[in-house]
Amino acid sequence: MEHEKATDMEFMLKANLKCSGSLSEAVSSDELTEFVNYCNAELLKKGAPPGCGAEVVSWAIVADKLELEIVSDRFVRAHDALLRLKNEFGKFLGKHRIGIRGMEINDYEITMDWDTELKLKKLPFVKAIKQEAEKLKLFLDIDEFLLEKRIPDRIIKLLDDKKEAIKWKGKSEHWELLFESAKKPFHFDKDPTEEMAKRGWIRHAAGRGQFIYGPQSTKIFRAFERILVDEIFTPLGYEEMIFPKFVTWDVWKRSGHAKGIYPEAYYVCTPKTRDPEYWEEVIDYYKVTNEVPLDMIMERIENVGGMCYAQCPPSWVFLQGKTMPDDILPIKVFDRSGTSHRYESGGIHGIERLDEFHRVEILWMGTKEQVIAHSKQLQDTYRYIFNEILDIEWREAWVTPWFMAQEGKSGLSELKEVGTIDYEAVLPYSGKLLEFQNVSVNGDKYPKGFNVKLQSGEELWSGCSGVGLQRWTAVFLAQKGFDTDKWPEKFRTAVGELPEVFRFL
Ligand code: ATP
Ligand code: ZN
Ligand code: MG
């Protein structure tokens, strides 16, 4: 932990080791003094530079307890010292036929240098936070179980992450132009969502950021999919799969989304029981009032995960814990089996930013070289599609992938191996740029997270590309408009006649 070196830390821990019998009767005070002196001289200094480590500064025997006060620096954190002591004391007591029953943590204070403006209000397992004179003092609220789980270390790591994040916040995210298409003729200068709605191609659905796609817009989506099939999936050897659209927390823990997805997730709950009696009160309430009693429902359901956010994470369960022979690589699959859901809050705008959208997810895996090479091949094919079939104006930019930004590792993407290319196009009606798809090389992130290995022992890598059908539509219609005579010939043919099904009085 390199950046930790600059930070000074002090730990003060008051804890008791509870034993199975009376210590005052079984052990002499001389023996105990000798034991503590040994710990202070050797056990609690092990691994620390000379003069550093932990120290028992006071101790006492009260009936069946050894009461301890331990202070330390960051080299042997006091909670590690306590765990070492517990082990050693257990061995020591063995001779006296007494065992250790448990630990009681009374006070645990951590003081550290704090030279950022970041104000902390609340931290998990911390009952009070004091911030003064460039020092941060945490009063922990932990027990034996949390201590064994190294929660104090995780809290310190969390603070490091927060400090890193603050550093990156000031700087603009890595963004580097990779490619810019030629200028293209625009045939429209209005908001395509409004025009589609006016023509009855789409209608607002009941949910926020949700539309019902009429026969015309659906036909456009399907034409995009056919282009992907003809230009990418068939020639490049892809097979179709069906990925789950409900995602459990275990998947998001493994994919890393559990570190930050909360403000944008659509949460999914199941009933605590399907016993009709358990639900009778809710049913009766509805029948009597015609109101759905949300608070009564909330008491009877529990969250089990969320709706598909990024498409590929739940598919990795297919490979989880498996080893594959190298000769089946590279593997190329895609999924177009359902919706993605994100709570976009105030950001929703027409079909450009939806809470429910449709995306074709393209997923490939192989050795590092294969994955990078295939990413290049995809990029070439996309350029062909945008130039020759859709005839749009777009650009490609190298950006920090979400999982690196999340961990404050934005700098790493400068290596240009693991990272994301965003495809952006201008919307003539607003002059704004819209990201309409991306191509990502994710390194060994997913195989690691889901424990997938290669027979040869070589690292398995993967990449993915998400084609947002609404975003492709928004970009195409915003630039090329609704007069199909002005559409590029190849695309007009791919779409065919736009069906007119509904009429309203
Ligand atoms: P943005 O910066 O516009 O929010 P993002 O970086 O969140 O996009 P990704 O997570 O990279 O998007 O998702 C991949 C693709 O999914 C996007 O390129 C886009 O095509 C599509 N997409 C993402 N969010 C939405 C949305 N809210 N509505 C429609 N399509 C979306
Ligand atoms: Zn993906
Ligand atoms: Mg987004």
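Atoms within a ligand are numbered from 1 in the order they appear, just like the ligands themselves. The first residue in the sequence is number 1, and the count goes up from there.
Ring geometry for Tyr213 versus Phe211: interplanar angle of 30 to 60°, hence tilted. Using cut-offs of 30° and 60° on the angle between ring planes, the pair Trp249 and Trp252 is perpendicular.
Side chain to side chain, Glu459 and Trp461 meet the donor-acceptor criterion of an N or O pair below 3.5 Å. His358 and Gln470 form a side-chain donor-acceptor contact under 3.5 Å, judged by distance and modelled atom types alone.
Closest to atom 11 (O) of ligand 1, if we only count protein heavy atoms, is Asn438 ND2, 2.7 Å. Of all protein heavy atoms, the one closest to atom 7 (O) of ligand 1 is Arg342 NH1, 2.9 Å. When only non-hydrogen protein atoms are considered, atom 22 (N) of ligand 1 lies nearest to Phe357 CE1, 3.4 Å. In terms of protein heavy atoms, atom 1 (P) of ligand 1 is closest to Arg353 NH2, 3.5 Å. At the shortest separation from atom 6 (O) of ligand 1 among protein heavy atoms lies Glu435 OE1, 3.3 Å.
Under 4.0 angstrom from ligand 1, the non-hydrogen atoms of Phe436 all belong to its backbone. Contacts with ligand 1 closer than 4.0 Å are made by side-chain heavy atoms of Arg471 only, the backbone lying farther away.
Using a 4.0 Å cut-off to heavy atoms of Glu344, the atoms of ligand 1 that qualify are 24 (N), 26 (C), 27 (N). Atoms of ligand 1 lying under 4.0 Å from at least one heavy atom of Gly468, given by number and element, are 20 (O).
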Please lay out, stage by stage, how His257 and Tyr309 fare under the test ring-ring contact (aromatic ring centres under 6.0 Å, His included).
CA-CA 9 Å; His257 286 90; Tyr309 176 92; 5.8 Å; yes

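Taking a cut-off of 2.8 Å, the protein N, O or S atoms nearer than that to the Zn ion (ligand 2) are Cys312 SG, Glu361 OE2, Cys464 SG.
Compare Arg359, Gln470, His358, His341 by their heavy atoms: the one nearest to atom 16 (O) of ligand 1 is in Arg359.
The backbone N or O of Lys432 sits less than 3.5 Å from a side-chain atom of Ser430, completing a donor-acceptor pair. Put simply, the side chain of Tyr343 never gets that close to the backbone of Tyr262: no donor and acceptor are under 3.5 Å apart. A distance-only check finds a donor-acceptor pair linking the side chain of Trp487 to the backbone of Gly481 [under 3.5 Å].
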Could you pull out all donor-acceptor pairs under 3.5 Å where a side-chain atom in residues 348-355 meets a protein atom, sequence neighbours excluded?
unit_1	atom_1	unit_2	atom_2	d
His349	NE2	Asp191	OD2	3.2
His349	NE2	Tyr429	OH	3.1
Glu352	OE1	Tyr429	OH	3.2
Glu352	OE2	Tyr429	OH	2.9
Arg353	NH1	Glu344	OE1	3.2
Asp355	OD1	Glu344	N	2.9
Asp355	OD2	Arg208	NE	2.7
Asp355	OD2	Tyr266	OH	2.6

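Arg395 forms no cation-pi arrangement with Phe179, by the criterion of a distance under 6.0 Å to the ring centre and an angle within 45° of the ring axis.
None of Phe436, Phe386, Phe491 except one satisfies the ring pair (Phe, Tyr, Trp, His ring centres under 6.0 Å) rule with Phe224; the exception is Phe491.
Any N or O atom pair closer than 3.5 Å counts here, and Leu354 shares at least one such pair with ligand 1.
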